[in-house]
Every structure is written in C-alpha cells, then in structure tokens.
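First up is the structure itself, then whatever we jot down about it.
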Amino acid sequence: MTRYAALAGLGSYLPPRRVTNEELAGTFDTSEEWITTRTGIRTRHWAAPGVATGDLAVEAGHRALKSANLPLAPGAVDAVVLATTTPDHPCPATAPQVAARLGLGTVAAYDIAAVCSGFVYALATASAQIVAGQARRVLVIGAETYSTILDPADRTTSVIFGDGAGAVVLSAVPDADRAGVLLGVDLGSDGSGRDLILIPGGGSRERANGEPDQRDRYFTMQGTKVFAEAVTRMGGSASALLDRIGWPTESVDHLVGHQANIRILKALAQRLGLPEERAVVNVDRVGNTSAASIPLALSDAAAAGTLAPGSRVLLTAFGGGLTWGAAALIWPDLHVV
Ligand code: UT7
C-alpha cells in the first residue's frame with residue numbers, strides 16, 4: 001500500500017529567560033544598533049544553567065503530541081528523531097532519553113547531526129520511514145541550547161544564537177493530495193566547507209590536535225562566507241525542489257527559511273523572485289536557534305494565523321557541514337500547542 005507522510009501535530013517551547021540586545025550590549029563589545037541592523041535580532045531566549053537540550057525537546061515533543069491528539073504512552077509514535085547540534089552528551093544520542101521521558105515506550109530513537117539544516121534532514125528520514133512502511137507516526141524534534149557552546153569572547157556568535165525547541169508529528173496517510181503531506185524533500189552537502197562552521201574540539205579529531213583546550217569546545221563561524229553560502233544553497237535547494245514538484249515559484253504563499261539573519265531571509269526571497277512579505281520571520285524574537293529554527297518559525301506563524309490551511313509552504317535550511325535542504329507541503333488544519 002502506498003503511504004505518504006503528513007504533518008499531524010506541531011508544538012514548540014522556549015526557555016523563559018528572554019535576553020535583549022540591550023542586556024548583551026552591557027556584556028559584550030557591541031551595541032543594540034549593530035545587532036538590530038546587521039541581524040534583525042531583537043531578543044533571544046537562553047536556557048537557565050542546568051537546563052539541557054533534552055529538557056527543551058521533551059517540552060516541545062509533549063506539545064506536538066498534544067497538538068496531534070496523541071497520548072504520552074507507548075504506541076503513540078513508532079520513532080523519535082531529534083535534530084540537534086547541542087546533544088546532552090557526545091554519547092549516547094539524546095533522542096532515546098526524550099522518548100523515555102515522554103513515556104513513548106521502546107521506540108526507535110536517534111539524533112540527526114546536520115547543524116542548522118538538521119530539522120529538514122530529520123523530516124526527510126522520518127518521512128522516508130513512513131513511506132517505507134517502517135513507521136506509522138514519527139515525532140520529529142529540533143532542539144538546541146546554543147547558550148552552552150557560545151564563546152563569551154566572541155561577540156559575533158554570542159549575539160546571534162538562541163535556545164529553543166520545536167516539534168512535529170508526521171503521520172502516515174493513504175493519498176498524496178491531502179493537506180500536510182510532504183510533497184518532496186531536497187537535501188545536499190559540501191564537506192569542503194567544513195571549517196566555516198566548526199566546534200574544533202570534543203570529537204575524535206581532538207586527539208590528533210594535541211592537548212584539549214576548553215575554548216575548542218566553543219562554536220565558531222566564519223559569518224560573511226556563511227552568509228553568501230546560505231543564500232546560494234537555500235536558494236538552489238528551494239528552486240530544485242520547486243522544479244521537481246511542479247510548483248511555480250510565484251505560487252509559494254509562505255517561505256519558511258532558516259532564521260539566521262533577517263538580511264539572509266530577504267536576500268533569499270529576492271533570489272527566488274518572491275516578495276519579501278512571503279518570508280516568515282521570527283528571527284527578531286528568537287535569534288538563530290539552529291535545528292530548532294524551522295519548527296519554531298512554523299509554530300509562530302501557525303499560531304499567528306499566517307499559515308492558513310491550504311496555503312503552499314516552502315521550507316529551506318542551511319547549516320554547518322556544509323549542509324542544506326528544502327521541503328514543501330500544503331498547510332493542514334492544525335491546532336498548534
Ligand atoms: O545558522 C547557520 C548559518 N548561519 C548564518 O547563516 C549566519 C550568516 N552570517 C551572518 O549572519 C553575518 O555574517 C553576521 C551577522 C554573523 C555578521 O555580519 P556581517 O555583516 O557579515 O559582519 P562582519 O563579520 O563582516 O563584521 C563587520 C564588522 C566588523 O568590524 P570591522 O572589521 O568592519 O571594523 C566586526 O568586527 O562588525 C564587527 N562586529 C561587531 N560589531 C559590533 C562583528 N560582530 C559585532 C558585534 N557588535 N556583535
């Protein structure tokens with residue numbers, strides 16, 4: 001029997017502490033004006049000390065299950081996929097403990113490491129499991145606590161990144177023409193750009209580099225080069241997907257790009273030939289939340305009523321690796337939690 005994967009639930013969670021540009025300007029050699037004009041970010045949320053990615057993932061996962069009218073019980077889903085750059089530990093993966101804490105039983109559970117593209121990669125694997133008949137329902141989460149890996153000596157990354165989590169439930173449906181069905185996914189990578197977004201330490205390469213240095217555990221990014229790659233790669237991936245599924249670009253109602261920088265979102269819309277107003281924006285309120293960025297943007301826009309049922313939604317993300325991806329769906333009638 002042919003099956004398709006459809007969006008059946010959506011939820012998100014932000015840690016309560018909201019950090020303003022004004023607060024950061026008191027700590028770093030920066031200004032409210034620089035952050036706002038160069039990035040479009042006004043606030044971001046940072047988790048309290050001791051709060052880890054798994055904690056945020058549990059909250060968002062719970063909300064997505066509630067949105068899909070599913071219980072916190074074995075049998076609710078057949079797999080949990082967690083996209084993150086900031087797992088609770090280098091080993092084991094964070095997804096199994098999230099599944100256990102949600103009471104979902106002994107389901108398949110694994111992490112996806114594709115940095116800011118992680119959620120699109122996770123959607124792709126979860127959807128493939130459903131289409132292959134390996135799962136009926138999958139909980140897909142993007143969750144991050146970047147505040148745990150930001151270098152306090154790096155004013156650029158410290159003002160950009162935020163913490164948060166967003167989650168969706170994908171569910172098997174028998175036909176492709178239902179709202180919510182993932183109509184296609186495009187994924188790509190270019191490992192020759194590895195150094196542009198890098199945490200140098202904490203992995204097996206560390207041994208080859210001599211004595212570990214605590215600062216090697218911090219996130220690093222070559223911002224200007226990443227900016228150009230982000231626009232090119234998201235634009236290319238989105239266009240390739242639109243061609244494949246036969247959507248004319250102008251038919252896209254909402255462009256949900258990775259919320260890295262308002263200037264990137266505008267440049268992306270321009271590159272695709274879409275009016276800027278079609279770009280969903282919440283980077284101003286949450287900053288760059290990496291793998292949580294797309295589901296947080298979806299949650300915000302759906303809760304605000306921007307994503308009306310029946311509208312054409314195009315997702316695209318770009319991140320370390322380098323990695324990128326895009327996905328498309330007709331927005332379903334969802335109650336966001
Ligand atoms: O999530 C994965 C994908 N990530 C992205 O897509 C991020 C892409 N990159 C960006 O969004 C931008 O490149 C940044 C926001 C990271 C940086 O913006 P930029 O316009 O590329 O700035 P820049 O790095 O070229 O720096 C311009 C100036 C420099 O000063 P000089 O050399 O011109 O005197 C920086 O030292 O801005 C300075 N600067 C700052 N000034 C005040 C850098 N960070 C700050 C800061 N406050 N926080």
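Bear in mind that the values here come from a model prediction, so they are computed numbers and not experimental data. When a ligand or atom number is given, it counts from 1 through the structure's own listing order.
Between Phe219 and Phe161, the ring planes are perpendicular. Angles over 60° get that label, and only those under 30° would be called parallel.
Between the choices Phe219, Phe28, Trp34, Tyr146, the shortest heavy-atom distance to atom 22 (O) of ligand 1 belongs to Trp34.
In this structure, atom 29 (C) of ligand 1 lies nearest to the protein heavy atom Arg155 NH2, 4.8 Å. Regarding atom 10 (C) of ligand 1, its nearest protein heavy-atom neighbour is Asn261 ND2, 3.7 Å.
Between Gly223 and ligand 1, a contact under 3.5 Å exists for at least one N or O pair. Any N or O atom pair closer than 3.5 Å counts here, and Ser31 shares no such pair with ligand 1. Inclusion of Thr39 in the set of residues having an N or O under 3.5 Å from an N or O of ligand 1 is not warranted.
Annotation for ligand 1: atoms under 4.0 Å from non-hydrogen atoms of Thr156 are 16 (C), 43 (C), 44 (N).
Atom CZ of Arg312 sits about 9.5 Å away from atom CG of Leu242, to the nearest 0.5 Å. Interatomic distance, Thr20 OG1 to Arg44 CZ, rounded to the nearest 0.5 Å: 7.5 Å.
For atom 44 (N) of ligand 1, a protein heavy-atom neighbour is found at a distance under 4.0 Å.
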Under 3.5 Å, sequence neighbours excluded: what are the donor-acceptor pairs made by side chains of residues 318-328?
| from | atom 1 | to | atom 2 | distance (Å) |
| --- | --- | --- | --- | --- |
| Thr323 | OG1 | Ala114 | O | 3.1 |
| Thr323 | OG1 | Ser117 | OG | 2.9 |
| Thr323 | OG1 | Gly320 | O | 2.9 |

Checklist line | Check against side-chain contact (heavy atoms from CB on, under 4.5 Å), His62 and Leu102 | finding: CA-CA 7 Å; His62 185 168; Leu102 287 169; 3.9 Å; yes

